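All values derive from a computational prediction rather than experimental measurement.
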Amino acid sequence: MLTARPPVRALTASKIREVADANLGDPNVMAFWAGESDEPTPDFIRQAGIASLAAGETFYSQNLGIPELRAALAAYLTRVRRPTRPDQVALTSAGVSALMLASQLLIEAGDRVVEVVPLWPNLQEIPKILGARVVTVPLEFSREGWRLDLERLLDALTPGTRALYLNSPNNPTGWTVTREAQRAILAHCRRHGIWIFADDAYERLYFGNDSGVAPSFLDIAGDDDRVLSANTFSKSWLMTGWRLGWLVVPASLAPDLAKLIEYNTSCAPVFVQRAGIAALEQGEPVIAHTLARLRAARHYLVKQLAGIPRVEIAPPAGAMYAFMRIAGMRDSLDFCKRLVREHRLGLAPGAAFGPEGEGYVRWCFAASEERLAEGVARLRKALA
Ligand SMILES: Cc1ncc(COP(=O)(O)O)c(C=O)c1O
């Protein structure tokens, strides 16, 4: 039999896909398994993409992104985070590609990387593709919210560790790192020369303050710290299908990053980049709308779920997921497959987010209250 390299063979296939693939497109299944809104990309963003295609922008572009988009992104980051120059940013073909590129840039076979879990499966598997060893530090569940044992994380970040991959707000738990913890982590990583890969995909979907902007390592790190921030247009601007993301890196890494982009995708499509400019420059009302909708959905869903016997849930601090424990449920993959088959309800199995997620299921609440209510009714019936 012909086979792939051992680290690739050893990768875990997505258990979310395993539940979803068999049932995609079944109109009777009420699906909340995917990490995306049920609303399409706003029209003004789509029109920017359409205008670009109509103008014949169908050619290759610069590896790191068209200059107009790099400038718009630097301006956006300067507004939301810290003064940023275009030579510190790179556009990528989605957030997942940003994470792969950042890993290719700095991770070698045999490297030790540390991750806080449960965690989006892609982030757990990407370093393994490169032959790295992933060490996990589990968050702790309580009804008040998910908690990080900071000392435990710092202990895991031993000298010689290559990188910390930290996703905050976290998919699937919504846990969000505090500024105080960020400062301690940054100081520790500076001391030991450890890279911080911050996955900031949900940074604008945060419920813990009025601004809705979660704390980021970019706020406290200097330009030449070992800090990379990966991000995406997918969540804040409802653009999952466009596949556009970005990286913020120390400027000295940009030329090598450009080479990697050349040999991966060469560039993001220009019409997609034009849509990205519209999102960055005119998209604040979209984010405000999405955040308000998520706040209401979170409030509604957490209250409903907490009222179902066997369900234990903490209100998530950010992102768009309710990650709930179901008492007595031991095999979340099997449970989610049965939910689809027997109750036409699509949720993501907790085991997809690592062994620490077993016993839980994830529900994406970027949906209308009407759909959430129907989903709750189906879950209630399934657990009765
Ligand atoms: C934590 C996290 N990071 C990054 C991404 C990347 O999103 P995309 O590849 O759509 O840009 C996702 C998507 O679900 C995510 O959950």
Side-chain angles (χ1 to χ4, degrees), residues 16 32-39 41 73 76-77 80-81 92 94-99 102 115-124 126 139 145-146 148 164-179 181-182 196-219 228-240 242-248 279-280 283-284 286-299 301-302 314-323 348 352-353 357 362-367:
I16 307 176
F32 301 99
W33 48 48
E36 63 187 347
S37 170
D38 61 357
E39 293 183 326
T41 307
L73 181 55
Y76 168 82
L77 290 165
V80 175
R81 292 295 177 200
T92 62
V96 67
S97 171
L99 292 159
E115 301 189 338
V116 172
V117 294
L119 181 61
W120 186 50
N122 302 38
L123 262 177
Q124 303 200 43
I126 283 171
L139 294 167
W146 289 81
L148 172 69
L164 165 68
Y165 285 60
L166 196 80
N167 167 227
S168 164
N170 165 271
N171 174 6
T173 64
W175 166 79
T176 302
V177 67
T178 62
R179 174 69 80 219
Q182 277 178 337
I196 296 174
F197 287 22
D199 179 341
D200 292 328
Y202 299 98
E203 65 175 1
R204 302 296 309 270
L205 307 177
Y206 178 57
F207 314 116
N209 59 24
D210 289 343
S211 73
V213 182
S216 163
F217 281 97
L218 289 181
D219 303 329
L228 302 180
S229 164
N231 218 316
T232 173
F233 287 75
S234 287
K235 316 292 174 173
S236 303
W237 296 282
L238 314 175
M239 291 177 70
T240 48
W242 294 76
R243 317 309 297 136
L244 188 62
W246 76 78
L247 277 170
V248 182
L280 291 171
E284 284 304 316
V286 179
I287 300 179
H289 160 81
T290 304
L291 185 61
R293 191 168 182 251
L294 287 176
R295 270 189 207 279
R298 166 185 180 263
H299 180 76
L301 186 65
V302 168
M320 47 170 77
Y321 311 104
F323 199 58
F353 306 92
R362 189 194 74 174
W363 182 320
C364 174
F365 54 75

Say you draw a straight line from [atom1] of [X] to [atom2] of [Y]; how long is it, rounded to the nearest 0.5 Å?
| X | Y | atom1 | atom2 | result |
| --- | --- | --- | --- | --- |
| L148 | T176 | CG | OG1 | 11.5 Å |
| F197 | L166 | CZ | CG | 12.5 Å |
| R243 | S97 | CZ | OG | 9.0 Å |

For M320 and F32, what are the C-alpha separation, side-chain angles and deciding distance, and is it a side-chain contact (heavy atoms from CB on, under 4.5 Å)?
CA-CA 11 Å; M320 47 170 77; F32 301 99; over 6 Å; no
Could you tell me if the side chain of [Y] sits less than 4.5 Å from the side chain of [X], heavy atoms only?
| X | Y | answer |
| --- | --- | --- |
| L123 | N171 | no |
| D219 | R179 | yes |
| W120 | L99 | yes |
| P315 | R298 | yes |

Which of Y202, F353, W33, W363 passes ring pair (Phe, Tyr, Trp, His ring centres under 6.0 Å) with Y321? It is Y202
Evaluate side-chain contact (heavy atoms from CB on, under 4.5 Å) for N170 paired with V116, printing each intermediate quantity in order.
CA-CA 9 Å; N170 165 271; V116 172; 5.7 Å; no
Side-chain ([X]) to main-chain ([Y]) donor-acceptor, under 3.5 angstrom:
| X | Y | result |
| --- | --- | --- |
| R204 | A214 | no |
| D199 | Y165 | no |
| T92 | G245 | yes |
| T41 | L238 | yes |
| N167 | P169 | yes |
| Q182 | P215 | yes |

Take the angle between the ring planes of F233 and W246 and call it parallel below 30°, perpendicular above 60°, tilted in between.
perpendicular
Check the angle between the aromatic planes of W146 and F323 and answer parallel, tilted or perpendicular using the 30° and 60° thresholds.
tilted
Could you walk me through whether E203 and K235 satisfy the salt bridge (Lys or Arg N to Asp or Glu O under 4.0 Å) test, starting with their C-alpha distance in whole Å, then the side-chain angles of each, then the deciding distance to 0.1 Å, before giving a yes or no?
CA-CA 9 Å; E203 65 175 1; K235 316 292 174 173; over 6 Å; no
Dump the intermediate steps for side-chain contact (heavy atoms from CB on, under 4.5 Å) on L280 and W237, then the final yes or no.
CA-CA 9 Å; L280 291 171; W237 296 282; 3.8 Å; yes
Starting from the C-alpha separation in whole Å, work towards a yes-or-no answer on side-chain contact (heavy atoms from CB on, under 4.5 Å) for M239 and T232.
CA-CA 9 Å; M239 291 177 70; T232 173; over 6 Å; no
Looking at every heavy atom in both A319 and F365, which two are closest together, and how far apart are they?
O-CZ, 4.2 Å
Should we count NE2 of H299 as having more than 12 external heavy atoms under 6.0 Å?
no
